[in-house]
J.: 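There's a structure below that I have some questions on.
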Amino acid sequence: MLSCEGADFTKVLKRYDIEQQVVLSPEEMARKMLPSDEIFRKVAEEVLYMRFRTVGPVVMEALKQRNPLDIINNGLVAGMECVAKLYAEHVYYLPEIMMAAKTMEIGIALAEKQVPGGRESKGTVIMHAAEGDPHDIGKNIAAVMVRSSGYNVIDMGRDVPIVDFIAKVEEEKPIFASGTALMTTTMSAFPTEAKILKEKGIEIPLMGCGGAVNREFANSYDLGIYSEKAPQTPLIAEKIRQGYDWKRIREEWDEIVKGE
Ligand code: B12
């Protein structure tokens with residue numbers, strides 16, 4: 001099985017004539033970033049070291065001692081955040097990101113099954129990644145959080161044409177919708193979608209998310225609200241359910257997501 005443990009990355013970089021910007025190995029990064037709780041750390045390491053064959057048994061073992069949502073957030077997602085940092089530092093490259101994401105998804109699928117369910121739905125939410133955007137890892141994490149908070153999530157997937165998104169909103173009448181964009185070339189889908197929805201008299205909050213989007217951008221067009229991290233979304237969703245409109249969510253955003 002592929003393993004990076006003990007690999008000397010300086011030799012790999014020399015081979016491709018690349019200069020190493022930081023000298024942090026995955027092991028050192030793990031020591032800095034991963035949770036101190038032994039059970040969460042073990043789960044996070046499965047993602048960090050891309051152990052897609054063993055992540056299943058490790059998550060199943062963790063589920064005997066920890067709650068499934070905590071395993072997702074503090075284990076699987078924490079591991080993925082460490083992977084994203086290693087990518088940003090040019091220690092990991094795209095193949096590692098893809099394998100780590102696959103490993104995380106195997107773990108999430110197992111943990112998600114044990115999230116208490118069967119409750120009455122709190123409302124329908126439509127989630128999608130913007131037209132032209134293939135990045136859906138963050139959206140998938142957020143979808144798990146929203147679903148496990150009791151909402152009926154319609155996940156339209158990635159690279160969703162604007163017309164399809166609008167048609168789905170008209171058909172399903174969600175309490176709010178979210179869009180993810182990791183590329184500066186795709187984030188403009190959100191103001192376009194918001195404008196069309198408004199013209200049709202549909203005033204639901206449209207949450208703009210993903211690495212390309214910031215709060216200022218999401219607040220720059222009518223209907224737009226921001227959510228930076230997946231765990232903030234259920235908090236915002238709860239307020240929407242209580243009747244807050246997009247303007248009030250914007251005004252009270254800091255208070256609503258406080259601590260997440
Ligand atoms: C993985 C990856 C890919 C994968 C995507 C696989 C997949 N299924 O998602 C693949 C290989 C397909 C890919 C392709 C491309 N990619 Co790419 N990719 C990445 C990478 C390395 C990681 C993204 C990621 O998944 N991070 C981990 C997740 C967990 O983070 P996240 O998505 O940001 O999600 C978090 C938050 O944003 C938020 N969030 C996200 N969605 C949502 C939704 C809700 C509701 C909420 C509340 C929160 C939320 O919560 C999450 C954590 O809490 C980034 C670099 C980076 N460091 O971000 C580049 C990056 C996004 N890619 C980039 C580019 C340019 C491309 C390509 C165009 C490259 C190319 N030349 O071919 C192509 C796209 C071609 C196309 N149009 O089809 C650029 C975008 C630059 C820009 N500003 O426009 C980046 C930033 C790399 C770079 N530095 O240049 N990529």
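Read the numbers this way: they start at 1 and go in the same order the structure lists the ligands and their atoms. These numbers come from the heavy atoms of this one structure, side chains and all, not from hydrogens, waters or symmetry mates.
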J.: Specify the closest pair of heavy atoms between Leu34 and Ala44, including all atoms of both residues, with the distance to one decimal.
T.: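 Scanning both residues, the minimum pair turns out to be CD2-CB, 3.7 Å.
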J.: Scan the protein's non-hydrogen atoms and note whether one is under 4.0 Å from atom 32 (O) of ligand 1.
T.: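 So far as the 4.0 Å threshold goes, atom 32 (O) of ligand 1 is in reach of a protein heavy atom.
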J.: What atoms of ligand 1 come closer than 4.0 angstrom to any heavy atom of Ser178?
T.: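 Counting from 1, the qualifying ligand atoms are 45 (C).
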J.: Within the distance-only criterion (no hydrogens, no angle test), does the side chain of Asp159 pair as donor or acceptor with the backbone N or O of Gly132 below 3.5 angstrom?
T.: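 Flag set: sc Asp159 to bb Gly132 pair under 3.5 Å.
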J.: Around atom 43 (C) of ligand 1, find the nearest protein heavy atom and jot down its residue, atom name and distance.
T.: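 Here the closest protein heavy atom is Thr180 OG1, 3.2 Å.
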J.: How far is atom 51 (C) of ligand 1 from its nearest protein heavy atom, and which residue and atom is that?
T.: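 Here the closest protein heavy atom is Gly138 CA, 4.0 Å.
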J.: Would you say atom 72 (O) of ligand 1 has a protein heavy atom nearer than 4.0 Å?
T.: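 Within 4.0 Å: no protein heavy atom nearby.
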J.: Check the side chains of Thr54 and Glu46 for a donor-acceptor pair under 3.5 angstrom, ignoring hydrogens and angles.
T.: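 A donor-acceptor contact under 3.5 Å links the two side chains.
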J.: At what distance, to the nearest 0.5 angstrom, does CE of Met183 lie from CE of Met187?
T.: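 Nearest 0.5 Å value for the CE-CE distance: 12.0 Å.
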J.: Within the structure, does at least one protein heavy atom fall under 4.0 Å of atom 89 (N) of ligand 1?
T.: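 No, there is no protein heavy atom closer to it than 4.0 Å.
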J.: Considering Pro234, Ala129, Cys209 one by one, which has a heavy atom nearer to atom 48 (C) of ligand 1 than any of the others?
T.: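 That would be Cys209.
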J.: How about atom 17 (Co) of ligand 1: does it have a protein heavy atom within less than 4.0 Å?
T.: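 For atom 17 (Co) of ligand 1 the answer is yes, since some protein heavy atom falls inside 4.0 Å.
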J.: Just to be sure I read this right, does ligand 1 sit under 4.0 Å from the backbone of Thr233, its side chain, both, or neither, counting only heavy atoms?
T.: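 The side chain, only.
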J.: Roughly how far, to the nearest 0.5 Å, is the OG atom of Ser178 from the NE2 atom of His128?
T.: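 Spacing of NE2 (His128) from OG (Ser178) equals 7.5 Å.
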J.: Is it true that the NZ or CZ of Arg248 lies under 6.0 Å from the centre of Tyr244's six-membered ring and within 45 degrees of the ring axis?
T.: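 Yes, Arg248 lies over the aromatic ring of Tyr244.
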J.: Quick check: are there more than 12 heavy atoms from other residues, nucleotides or ligands sitting under 6.0 Å from CD of Glu216?
T.: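 Counting neighbours around CD of Glu216, 12 or fewer heavy atoms of other residues, nucleotides or ligands fall under 6.0 Å, so no.
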J.: Within the distance-only criterion (no hydrogens, no angle test), does the side chain of Asp136 pair as donor or acceptor with the backbone N or O of Lys139 below 3.5 angstrom?
T.: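 It does not hold such a pair.
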J.: If you measure from atom 86 (C) of ligand 1 to every heavy atom of Leu182, Thr185, Leu94, Val125, which option wins on shortest distance?
T.: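 Going through Leu182, Thr185, Leu94, Val125 one by one, Leu182 has the nearest heavy atom to atom 86 (C) of ligand 1.
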J.: Check whether any heavy atom of Glu81 sits under 4.0 Å from an atom of ligand 1.
T.: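 No.
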J.: What protein heavy atom is closest to atom 53 (O) of ligand 1, reported as residue, atom name and distance in Å?
T.: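 Checked against all protein heavy atoms, atom 53 (O) of ligand 1 sits closest to Ala230 N, 3.3 Å.
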J.: Indicate whether atom 13 (C) of ligand 1 is within a distance of less than 4.0 angstrom of some protein heavy atom.
T.: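 At least one protein heavy atom is under 4.0 Å away.
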J.: Under a 4.0 Å N-O cut-off, is there an ion pair linking Arg215 with Asp254?
T.: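 Salt bridge: yes.
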J.: Assess whether atom CD of Glu38 is packed by more than 12 heavy atoms of other residues, nucleotides or ligands within 6.0 Å.
T.: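 Count not over threshold, so no.
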J.: Heavy atoms only: which of Gln232, Glu228, Met183, His135 lies closest to atom 60 (C) of ligand 1?
T.: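 Heavy atom nearest to atom 60 (C) of ligand 1 belongs to His135.
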J.: Establish whether atom 37 (O) of ligand 1 and some protein heavy atom are separated by less than 4.0 angstrom.
T.: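 So far as the 4.0 Å threshold goes, atom 37 (O) of ligand 1 is in reach of a protein heavy atom.
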J.: Looking at OH of Tyr226 and CZ of Arg250, how far apart are the two atoms once the value is rounded to the nearest 0.5 Å?
T.: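 Taking OH in Tyr226 and CZ in Arg250, the distance rounds to 13.5 Å.
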J.: Are any of the side-chain nitrogens in Lys42 or Glu45 under 4.0 Å away from the carboxylate oxygens of its partner?
T.: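 Here Lys42 does not pair with Glu45 in a salt bridge, since their nearest N and O are not under 4.0 Å apart.
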J.: Give the atoms of ligand 1, by number and element, whose distance to some non-hydrogen atom of Ser227 is under 4.0 Å.
T.: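 Those qualifying, in numeric order: 47 (C).
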J.: Under 4.0 Å from a heavy atom of Thr184: give me the atoms of ligand 1 that qualify, with their elements.
T.: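 Result: 82 (C), 83 (N), 84 (O).
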J.: Checking a contact table here: which protein heavy atom is nearest atom 57 (N) of ligand 1, and how many Å away?
T.: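 The protein heavy atom lying closest is Tyr87 CD2, 3.8 Å.
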J.: List the closest protein heavy-atom neighbour of atom 25 (O) of ligand 1: residue, atom name, distance to the nearest 0.1 Å.
T.: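 That would be Ile137 CD1, 3.3 Å.
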J.: To the nearest 0.5 angstrom, please state how far the CD atom of Glu81 sits from the CG atom of Leu48.
T.: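 Taking CD in Glu81 and CG in Leu48, the distance rounds to 12.5 Å.
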J.: Show the atoms of ligand 1 that are less than 4.0 angstrom away from any heavy atom in Met127.
T.: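 This gives 45 (C) as the contact atoms.
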J.: Which atoms of ligand 1 have any heavy atom of Ala142 under 4.0 Å away?
T.: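 Here the atoms of ligand 1 in question are 43 (C), 44 (C), 45 (C), 46 (C).
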J.: Is atom 67 (C) of ligand 1 less than 4.0 angstrom from some protein heavy atom?
T.: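 Neighbour list for atom 67 (C) of ligand 1 is empty of protein heavy atoms (cut-off 4.0 Å).
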J.: For Ile225 and Ile236, work out which heavy atoms get closest and say how close.
T.: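 Taking every non-hydrogen atom into account, CD1-CG2, 3.8 Å.
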J.: For ligand 1, which part of Pro134 has a heavy atom less than 4.0 Å away: the side chain, the backbone, both, or neither?
T.: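 Both parts.
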J.: Students should be able to answer this: which protein heavy-atom is nearest to atom 9 (O) of ligand 1, and at what distance?
T.: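 Checking every protein heavy atom, the shortest distance to atom 9 (O) of ligand 1 gives Asp136 N, 2.8 Å.
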J.: Atom 4 (C) of ligand 1: which protein heavy atom is closest, and how many Å away?
T.: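 Here the closest protein heavy atom is Met98 SD, 3.9 Å.
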J.: Distance to 0.1 Å, residue and atom name: give those for the protein heavy atom nearest to atom 39 (N) of ligand 1.
T.: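 Protein heavy atom at minimum distance: Gly210 N, 4.0 Å.
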J.: Can you sort out which atoms of ligand 1 are near Gly132, meaning under 4.0 Å from one of its heavy atoms?
T.: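 Atoms satisfying the 4.0 Å criterion: 77 (N).
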J.: To the nearest 0.5 Å, what is the distance between CG on Asp37 and CG on Asp70?
T.: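 With rounding to 0.5 Å, CG (Asp37) is 9.5 Å from CG (Asp70).
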J.: For Gly211, counting its heavy atoms only, list the atoms of ligand 1 lying under 4.0 Å from any of them.
T.: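 The list of qualifying atoms is 37 (O).
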J.: Compare every heavy atom of Asn140 with every heavy atom of Asp155, then report the nearest pair and how far apart it is.
T.: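 In terms of heavy atoms, the two residues are closest at OD2-OD1, 3.8 Å.
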J.: Atom CG in Asn67, atom CD in Gln114: separation rounded to 0.5 Å?
T.: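 Answer rounded to 0.5 Å: 10.5 Å.
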J.: Which part of Ile97 is near ligand 1, with near meaning a heavy atom under 4.0 Å away: side chain, backbone, both or neither?
T.: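 Within the 4.0 Å criterion, Ile97 contacts ligand 1 through side-chain atoms alone.
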